[in-house]
Every structure is written in structure tokens, then in C-alpha cells.
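One structure is given below, encoded as C-alpha cells.
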Amino acid sequence: MNNGKTMEILMKNAVNVFNEEELRTKLNSGKSLKIKFGADPSRPDLHLGHTVPLRMLKVLQQAGHHIIFVIGDFTGMIGDPSGRSKTRSQLSYEETGKNGQTYFEQVTKILDPSKTEIVYNSEWLGKMRFADVIELAGKYTLARIMEREDFSARYSNNQPIGIHELLYPLIQGYDSVAVNADIEIGGTDQTFNLLVGRELQKDYGQIPQVVMTFPLIAGLDGVEKMSKSLDNYIGIDESAEIMYEKCMRIPDGLLTDYFRLTTDICEAEYTDIISEDIREAHKVYARKIVEMYHGRDCINAAEDRYNSIAAKAIPDNIDVFHIEEYETGIIDVLVKTGLATSNSEARRLIAGRGIKIDGITVNDFSVRLKGKFVICRGKNKFIEVRMKMI
RNA sequence: GGAGAGGUUCCCGAGUGGCCAAAGGGGGCAGACUGUAAAUCUGUUAUCUAUGAUUUCGAUGGUUCAAAUCCAUCUCUCUCCA
């Protein structure tokens, strides 16, 4: 891939580039550049939202550049106390190491492992003495930190701001100094932090990194950004069937963004399908995503399963749950299989006509069950139960 | 160091002695409609051996026939002043 093409793809997707001229110069220098990308160490469960910048990293990789993943294990080990009641679980060295490994396995579904390096920021942050921290803190001013909108908003609303929180941008920015990054990539929510890195590099006598930010995609709820904790995500580790199903649930208005930011399908092609038949467009997207993360061979099975559920039929390969009893009540079965979390919830679901056995709605709490049957909650949770046979 | 405001069920937030398992909203779940979308409407959202019982309103103890509500102590959080 030539530099012009690389530049074009980056510019097309980036929200902001600081700044474009520097980027062009660096790309044309002929050097293999160091591209920094920061990663949260706590939960290495990547979803499609993460793939937006990852795909840009791939483009850079294909142009011969070197990716450095900085795992923020140092901050992970301190634990961020801003969550109030819960003290965030502190991660051990083994855990962060393991998470890093998992992370690597997931990102290499997209990236070339031979050009991808993982480093942990505890390597340098852990060695800093207090004097070093003071020196770092002295490079920035309160006024500049307060430029960050969330800080200033919290301040004017009399919300607490921890001193360590003020330091976070500096800590993260220092990572850029430590790895001497040429370019840093991140989501638009990281803009401020990335720019701090750029400023700090100047202070430490380095050539400042080019900062590029990319859009965050909204999750399946259509409002919030995609995130695991909001449960509105499509995980790249999820099964082909689940992926397909979730893709079909993407709100119509967001499909264009999903196509643009998470696939290679060209603009003309997807805009055509979307304007013609939005339903078909979802299918095209779902197939593409399954293909990307599970391979072409998995597409048909995932699609068939989806269609059979949509037709209100029971899918072929559903989870089987064994109960070591000959006979028991419906409520017991719901709780044992995890379809309900308590007897009360089980009763509620039955009262609300949300439970079916072999396709027939249950309307009596006292139903006794035995043998083999398929039980479902709502429209898409199915479990085949096999009781002990006589 | 001083002054003040707070801690309510998944979240936000009402509730100042019985009608409180606790308003309202959000979110979740289920139903209708549909394209397993969105929007809309409905129901539901502590637990249990279930027309009843048990536990829940930061913690512990107390007052009372009766406490989320009153008192004491403790604890945590936030704001302001110095």
C-alpha cells in the first residue's frame, strides 16, 4: 500500500488529526513509524467499537509501521477510586500478564502479530520516584488540565475531583514519552489525553507525536457508546450465531456507520443496499461480520439459526441442560437452568406468559415436568432440558 | 481545625411515626404490534415451603403498641470557611 493511499484511508475516517501536515511528513519519511495505542488492562473483551481504531492500525501496519500496545497495568494496579462505594479490584501481576496475553490474541484477529508489540506501562511508571512525579506534574498547569470538559463540568457542579484524577492525563501522556511514539491513535473520547502526550513529548525533547482520533460507535441501544458494561456491544469473541443475531438488531439509522467503520465494504455498495432494503442490508452486514471473525464457513449456520428463530421455530443446536431427577416442577426447572434467578422471578415470568415449553405457553405454576423438552424464555433464550430417565 | 449537607430497593430520586416492599423516572425482563429494528401501548421489576410469612432504607444500640422516618453512638461521602 502506498503512502498516498494510507493517508487517504486515515483521513477519511479520522475525526481529528493533529496535525495533518506532520502526518504527511512522517508517512513520507520512509521510516518505520512507532504507533502507540493505549489499552485498558482490566477486561480484555474487545468489541466492534474497539475495532474502529484497530482497523486503522492495520492500515498503518500494512504500510510497514510498527504497533505498540501500551497496556495500562500501572493504573490498573493502583485502582481508580472514583467508583465510590466499590474499591476497584486490584489486579495482580499474573492477572495483568494473562489479560495482556488475551488482549494480544484478540487484537491479532485483526492485526499482524509479527508487527505488534505489547508493553506494560508499569515497566516505566513503576520505577518513577516521587521526584520524577513532581517533575512530570511541573510540566503542566491546572488551567490546561481544566480545559478538559469533564473536569471543568464537574468542578462547576461542585463534584469532587481527586488529585490523582488530575494526574491521569499526565500519566497516560507520559507513556508516549516512554515509548517515544511517532503517532498515537485513539477514540474521540481520548482526544485530550492524547494531546497531553503530544505536549509532554515536546517538554522532554522529543518530536511530538501525531494524534489521530476516530469515532466511537453507538451500541445496539442506539444511544450510548458501545461498551461491555452497558451490554450494548458486539464482542469479537462471541459465537457466530450471537454475532449474527446482534448485527440484525443494530438500529437502522446506525447501519451506515457500522458499515463504514467496521468493514471494508465500499461506500457505494452499502449506501445502495441500505436505501433499497434496510432489512437486506442488515443481513449483508451480519454475514460480513461473521465472515471477518469466524470465517466464511460459519455464515450459513448462523443465518439459518437466525431465520429459524425468526420463524418462531426452535433452533437446532441449543444448549442442553441435564437435571438429575426424574420429575420436578416448572419453577424449579427455570431456576436450575438459570432462566430465572429466583422462584419469584420464575413465577413472574410465567404470570407474564413469557415461558414456553415445546412451543406451548405455560400458564400454571404447578406444572410438573419429566423426560426431555425444550424450554424458552422470551424470544431468544432456549434451553433443552433432559431429566433423568427411568 | 470550624461550619453545613448527605448515605433509600439495579441507577437516579421522593418519602419527617402507622395507609411503606417504599411515589416518580431511568434501566432490565415479559406481552401486543412488527422486521427478534425503531417508535408506541400493557404488565412486571426483594425473598420464600406464597391470598400468608420473612428480610430490606450506611452500621449498631435505644424510645414506641408501631421506625426509612424520633434519639444516641459509630462510619462513609460531599461542600464551604480558615
Side-chain angles (χ1 to χ4, degrees), chain A residues 80-88 153-163 165 217-234 238-239 241-259 273-287 289-290 302-315 318 328-332 334-357 359-368 375-383:
Chain A
D80 180 357
S82 64
R84 252 170 232 225
S85 55
K86 283 185 225 163
T87 41
R88 188 161 158 182
R154 278 162 72 183
Y155 189 71
S156 53
N157 289 328
N158 287 338
Q159 296 283 307
I161 301 171
I163 297 294
E165 292 182 278
I217 54 175
L220 299 179
D221 56 26
V223 181
E224 303 287 344
K225 70 174 179 179
M226 185 176 282
S227 104
K228 174 123 184 158
S229 53
L230 295 170
D231 197 26
N232 63 358
Y233 68 102
I234 300 175
E238 293 189 288
S239 71
E241 287 80 12
I242 300 283
M243 266 188 179
Y244 192 96
E245 201 179 305
K246 286 188 172 180
C247 289
M248 293 302 283
R249 288 213 316 252
I250 295 167
D252 292 358
L254 294 179
L255 201 56
T256 307
D257 286 342
Y258 275 70
F259 266 114
I273 315 170
I274 290 173
S275 58
E276 263 171 43
D277 182 350
I278 188 70
R279 187 106 184 92
E280 191 56 34
H282 274 89
K283 285 184 187 168
V284 170
Y285 182 75
R287 280 190 214 115
I289 291 298
V290 170
E303 188 157 54
D304 288 349
R305 179 175 182 277
Y306 176 83
N307 288 335
S308 68
I309 296 175
K312 306 223 175 192
I314 293 165
I318 56 180
T328 186
I330 174 72
I331 289 177
D332 191 38
L334 286 170
V335 174
K336 280 204 167 82
T337 53
L339 288 175
T341 55
S342 70
N343 291 6
S344 297
E345 188 181 25
R347 281 161 196 270
R348 260 179 246 131
L349 286 166
I350 293 170
R353 292 178 299 147
I355 298 296
K356 290 198 187 87
I357 288 184
I360 298 162
T361 303
V362 178
N363 46 23
D364 182 357
F365 299 154
S366 60
V367 174
R368 307 291 297 174
I375 186 164
C376 72
R377 166 183 174 172
K379 286 169 190 147
N380 37 29
K381 284 180 195 144
F382 295 87
I383 289 183

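Note that this is a predicted model, so its numbers are computed, not measured. Residue numbering restarts at 1 for every chain, and letters A, B, ... go by the order of the sequence lines. Hydrogens, waters and symmetry mates play no part in the numbers below; they use all other heavy atoms, side chains included.
Enclosure of atom NZ in A:Lys356 is not indicated, since only 12 or fewer non-hydrogen atoms of other residues, nucleotides or ligands lie within 6.0 angstrom.
Nucleotides B:U54 and B:G58 are separated by 22 Å at their C1' atoms, to the nearest Å. Comparing the P positions of B:U40 and B:C71 gives a spacing of 45 Å, expressed to the nearest Å. Spacing between B:A23 and B:C80 at atom P, rounded to whole Å, works out to 34 Å. If you take atom C1' in B:A46 and the same atom in B:A37, they sit 33 Å apart, rounded to whole Å. Separation of the P atoms belonging to B:G52 and B:A22 is 14 Å when rounded to the nearest angstrom. Comparing the C1' positions of B:G62 and B:C76 gives an interatomic distance of 22 Å, to the nearest angstrom. The same atom, C1', is picked in B:U73 and in B:G26; the two are 37 Å apart, to the nearest Å. Rounded to whole Å, the separation between the C1' atoms of B:U63 and B:C70 comes to 8 Å.
When rounded to the nearest whole Å, the span between CD1 of A:Ile163 and P of B:C78 equals 12 Å. Rounded to whole Å, the distance from CG on A:Asn363 to P on B:A30 is 18 Å. B:U36 atom P lies 12 Å from atom CZ of A:Phe382, rounded to whole Å. Distance NZ (A:Lys246) to C1' (B:U36): 14 Å, rounded to an integer number of Å. Atom NZ in A:Lys379 sits about 12 Å away from atom P in B:G35, given to the nearest Å. Atom CG in A:Asp277 sits about 12 Å away from atom P in B:G35, given to the nearest Å. The nearest whole Å value for the distance from the CG atom in A:Leu349 to the P atom in B:G31 is 9 Å. Across the protein-nucleic acid pair, A:Arg353 atom CZ and B:A30 atom C1' stand 10 Å apart, rounded to whole Å.
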Open item on the list: Base contacts versus sugar-phosphate-only contacts with protein, heavy atoms under 4.0 Å: please encode nucleotides 38-54 of chain B as B, S and - from 5' to 3'.
Closed with: ------SS-SBSB----
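Sequence neighbours left out, the pairs with a member in residues 338-348 of chain A that pass side-chain hydrogen bond (donor to acceptor under 3.5 Å, both in side chains) are A:Thr341-A:Glu345.
For A:Glu303, the side-chain hydrogen bond (donor to acceptor under 3.5 Å, both in side chains) criterion is met by A:Tyr244, A:Arg287, not counting sequence neighbours. For A:Arg249, the salt bridge (charged side-chain N to carboxylate O under 4.0 Å, His left out) criterion is met by no residue, not counting sequence neighbours. Residues passing the salt bridge (charged side-chain N to carboxylate O under 4.0 Å, His left out) test with A:Asp257, sequence neighbours excluded: A:Arg260. A:Lys283 pairs by the salt bridge (charged side-chain N to carboxylate O under 4.0 Å, His left out) definition with nothing, not counting sequence neighbours.
Between A:Val284 and A:Phe259 the shortest side-chain heavy-atom distance falls below 4.5 Å.
Of all nucleotides present, only B:U60 satisfies the Watson-Crick or G-U wobble test against B:A72, with each distance under 3.5 Å. Across all strands shown, the partner of B:G24 is B:C12, judged by Watson-Crick or G-U wobble contacts whose two distances both fall under 3.5 Å. Nucleotide B:A30 is matched to B:U42 when pairs are restricted to Watson-Crick or G-U wobble geometry with both distances under 3.5 angstrom. A 3.5 Å limit on both hydrogen-bonding distances identifies no Watson-Crick or G-U partner for B:G35. The partner of B:C78 is B:G4, by the rule that a Watson-Crick or G-U pair needs both atom distances under 3.5 Å.
Looking at A:Leu349, A:Ile350, A:Ile375, A:Leu334 one by one, the single match for side chain to side chain contact (heavy atoms under 4.5 Å, CB included) with A:Val362 turns out to be A:Ile350.
Within 4.0 Å of A:Tyr306, counting heavy atoms only, lies at least one base atom of the nucleic acid.
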